[in-house]
There are 2 protein chains.
Amino acid sequence: MTTGTVEINNESANGAGSARSDGHRVVEVKLGERSYDIVIGRSVLGELGQRFSGLFPAARAVIITDRTVAGFHLASAEESLRAAGVEPHVIIMEPGEKTKSYAGLMAACNGVLDTRLERGDLVIALGGGVIGDLAGFVAGIIRRGMRFIQVPTTLLAQVDSSVGGKTGINTGHGKNLIGLFNQPHLVLADTAVLDTLTPRDFRAGYAEVAKYGLINQPDFFEWLEANWQGIFDGGPEREEAIARSCQAKADVVAADEHEANQRALLNLGHTFGHALEGMAEYDAERIVHGEGVAIGMVLAHEFSARLGLCDPAVTDRVVAHLQTVGLPTHIGAIPGQLPNVDLLMDFIAQDKKVSRGSLTFILTRGLGQSFVEKGVDPAFLRAFLEEKLS
Amino acid sequence: MTTGTVEINNESANGAGSARSDGHRVVEVKLGERSYDIVIGRSVLGELGQRFSGLFPAARAVIITDRTVAGFHLASAEESLRAAGVEPHVIIMEPGEKTKSYAGLMAACNGVLDTRLERGDLVIALGGGVIGDLAGFVAGIIRRGMRFIQVPTTLLAQVDSSVGGKTGINTGHGKNLIGLFNQPHLVLADTAVLDTLTPRDFRAGYAEVAKYGLINQPDFFEWLEANWQGIFDGGPEREEAIARSCQAKADVVAADEHEANQRALLNLGHTFGHALEGMAEYDAERIVHGEGVAIGMVLAHEFSARLGLCDPAVTDRVVAHLQTVGLPTHIGAIPGQLPNVDLLMDFIAQDKKVSRGSLTFILTRGLGQSFVEKGVDPAFLRAFLEEKLS
């Protein structure tokens, strides 16, 4: 089978064959003056200092990370920066979604202000989606905007949250309701650090990889069905899948940075997913973001089938693959009490994708044929959810 | 004497003469797609609804204001919006600089999220600089950016803080250290509402008017020396002074939105002023922003004279005019304990205008001949301040 045409620059001076296994992949996010590179490869974290001082000579740095990530990767990051003559400040947050809160924002802002770094200096986000979203937001509002670098350490962050400039925090009203579009100046995705993830976290990130196939690349989804084991095992399929995911996201972001339109496709599974996370109060014991997306993608396919848009066999195929890699595929798989419909509808209505009272969802007409539907009838949705929860 | 060439569009269909007394002045802030108008005139608040629905048909609105302003002007704003078919939500904050804080930010954000307004809806900032800075910041980060309108109700906000897109809050580290460049979509400056200001607040705003003369328009400063009474009394000189101040600011902002360079001139008197406000813990009983700017402008002239840059007679002239209108002109005029030099130097070093350790100040070579000096020697500054505080 073919993997389709993926335009990926290759930094390696070697031939294309060995570059695929040894070299770094570079995906460019094309946003004019604010364009930046995503560098993907094993051990690119060791190049942090060199790349930093090459791009930002004489700038200073503060690393924002969390306790778990710090235990695994902080020493490497600091060492690399020091070797390049940069002595970084470090702010260590509590791990977990609850750090993406007003309290976490205040603590991180105060920490950066304590360093006395200036507008031209850099915030380095070393961590998963929580750290990337928080640190990117912090960088955007300290002194009305510092520069920042994303060093995503989870699969989810590497293929999704570190790319495209969405940053922010959650509030009691829902996820990511406070934040900014703020593009990083560089993304360093070290595929070797993913070996330190728990299987559950790796799987959760994989849901976002599969999403790119389900949005508009059925050939990529097919390739994932055949090659997922290599991605999980750390074979060359891992770089391939990450580069292809980043390219897919970069293309969408370059075309529609502020989500006026097509960028909304990236939210496939997310409106349901966010609502499920919300009803579980972002308790990672019960559900993490990627699991919400997995269940949400299945719900989006089921709902599309219910609307007569999509063959139910497509849903079966999606469910089968997500189950194969160990992801949850229905609401009942979330431990604890089932949410009630009112609460779910409430979270859905609060979602940013609401426009003028009618509900916007990403629906699909088949495998990899997603589209933005702005006129979903709330009553029909409620009936669908009631059935799912019964 | 001449008032110089001020390019101000005039909406009135009447002749230029009567337009000067009856019509509105419109100053355009030219920022490409993000350009917007500042509409200046008596009773433009009454046109809020009509202008709102004209620019943003079908959009909804939330007014953010404070208790004091609400008492004077909220009913007029609501009435105008309702007459245009817009039923606004209202969030009322405590008056005072302390509202520009993390706590104020959280409260305002939660208030806006409670309304369930969407990205295309508008935040209307009805109030002085505190409300404008806070509401503009809130609008910029709710759902990663709502639209907003400034309705400045103080002289200071009309000539300075509502124009140019600087928004934000203070922290324990200093003023405006957290925030955004976020341009409004419209500014409505009703000169009649200024009649409700206390004399002290009006004077404080006047310091920023005088600042435009001292930056680079000596003829405007001269005109102010001759015409200040008309501005205070609400004569046609008031619209003239506000329009000319807004035009001066709009020109600088259009040339250098993000303060890479010349926009820093607008900070004349502000580095000292912010430090004085900081040492007084933003206690308005002791000092308000415009008073800090007045003292700061005098210090900037004195310091320039000490450096041999500026004739001391210019300082005398500046002091004389500021004293004439009743503004404080020396640190000793601030009630309570005098700050110590270490604390002041600390606030100055934390100022956003610091770059690479050397201090940036706006200094002057004469009346209306200000310039950005990036290499101020901290030791020399300390000696100067020690003398001022002795």
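Labels below follow one simple rule: chain letters A, B, ... track the order of the sequence lines, proteins then strands, and each chain is numbered from 1.
Looking at Asp114(B), the atoms closer than 4.5 Å to chain A (heavy atoms on both sides) sit in the backbone and in the side chain alike.
Nearest heavy atoms, Gly140(A) versus Leu180(B): O-CD2, 3.7 Å. Asp346(A) and Arg116(B) make their closest contact through OD2-NH2, 3.3 Å (heavy atoms, listed as atom of the first residue, atom of the second, distance). Arg144(A) approaches Asn176(B) most closely through the heavy-atom pair NH2-CB, 3.6 Å.
Here Ile178(B) contributes atom CD1 and Ile142(A) contributes atom CD1; the two are 4.0 Å apart, rounded to the nearest 0.5 Å. Here the straight-line distance linking atom CZ of Arg143(A) with atom CD of Glu259(B) works out to 12.5 Å at 0.5 Å rounding. Distance check, rounded to the nearest 0.5 Å: CZ of Phe137(A) to CD1 of Ile141(B) gives 4.0 Å.
Shown here are the salt bridge (charged side-chain N to carboxylate O under 4.0 Å, His left out) partners of Arg34(A), two or more places apart in sequence or in another chain: Glu257(A). In terms of the side chain to side chain donor-acceptor pair (under 3.5 Å) criterion, residue partners of Asp251(A) (sequence neighbours excluded) are, by chain and number, Gln247(A).
Note on Asn110(A), Leu105(A), Thr171(A): by heavy-atom pairs under 4.5 Å with chain B, the leading option is Asn110(A).
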